[in-house]
Amino acid sequence: QVELVESGGGMVQSGGSLRLSCAASGSIFSDNDLGWYRQAPGKQRELVAHITTYGSTYYADSVKGRFTISRDNAKNTVYLQMNSLKPEDTAVYYCKLVEFSPRGDFDYWGQGTQVTVSS
């Protein structure tokens, strides 16, 4: 019954900012990665950023220096602060949880939230 709920998507002008949030609920093992993916029309889904339980981060080259991923372990919530947005950032953004438990590894996805950047 793990559920991921995203919020914060919307429309913004080029150069503007948005902050995405994803709250995870249910029984979640403490060792897990949280990440953001995006998919634009006509393109494959791509990894934007991810963060481990202990704060190690990874960013796609296309967003380095503009996006920041963070997490609040007490709230099981991951954030994506997006600054200096460009039209090419327009996509549906998905939150993903990868749980590393003694029972095995399990993946969970959110429903997605639309981000539209106008020029």
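What you see is a predicted model; the values in this text were computed from it and never measured.
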Hey, mind stepping through Y79 and D72 against side chain to side chain contact (heavy atoms under 4.5 Å, CB included) and telling me if it holds? CA-CA 8 Å; Y79 307 93; D72 184 336; 4.2 Å; yes
Going by the side-chain contact (heavy atoms from CB on, under 4.5 Å) test, name the single residue among I69, D33, L80 that passes it with I51. I69
Using modelled atom types and a 3.5 Å cut-off, is there a donor and acceptor pairing between side-chain atoms of R71 and backbone atoms of T77? no
Is it the case that one hydrophobic cluster holds both L97 and Y58, taking links as side-chain heavy atoms less than 4.5 Å apart, direct or via other members? no
Once you round to the nearest 0.5 Å, how far does CH2 of W36 lie from OH of Y59? 13.0 Å
Donor-acceptor contact present, side-chain D31 to main-chain T53, <3.5 Å: no
Donor-acceptor list for residues 16-29 side chains, cut-off 3.5 Å, not counting sequence neighbours:
unit_1 : atom_1 : unit_2 : atom_2 : d
S17    : OG     : N83    : OD1    : 2.9

Between CG on residue L4 and NZ on residue K96, distance to nearest 0.5 Å: 11.0 Å
Check: E6 side chain, G112 main-chain N or O, donor-acceptor pair, under 3.5 Å: yes
Minimum heavy-atom distance A91-A40, with the two atoms named: CB-N, 3.8 Å
Contact list for residues 107-119, test side-chain hydrogen bond (donor to acceptor under 3.5 Å, both in side chains), sequence neighbours left out: Q114-T116
Flag yes if V78 and V2 sit in one hydrophobic cluster, no otherwise; membership is Ile, Leu, Val, Met, Phe, Trp, Tyr, and two members link when side-chain heavy atoms are under 4.5 Å apart. yes
Single-linkage hydrophobic cluster, 4.5 Å side-chain cutoff, Y37 and L85 together: no
Cluster question for you: counting only ILVMFWY and a side-chain heavy-atom cut-off of under 4.5 Å, with indirect links fine, are V117 and V48 together? yes
Any chance you could measure C95, atom SG, to L34, atom CG, to the nearest 0.5 Å? 5.5 Å
Does this structure show an ion pair linking D89 with K86, if we count only N-O contacts that are shorter than 4.0 Å? no
Run the side chain to side chain donor-acceptor pair (under 3.5 Å) check on R38 and Y93 step by step: do they pass? CA-CA 4 Å; R38 67 186 182 187; Y93 284 70; 2.9 Å; yes
4.5 Å side-chain heavy-atom contact, V115 and T90: no
Does V12 share a hydrophobic cluster with V63, counting links as ILVMFWY side-chain heavy atoms below 4.5 Å and allowing steps through other members? yes
What closest approach, in Å, do E99 and N32 show between heavy atoms, and which atom pair accounts for it? CA-CB, 4.1 Å
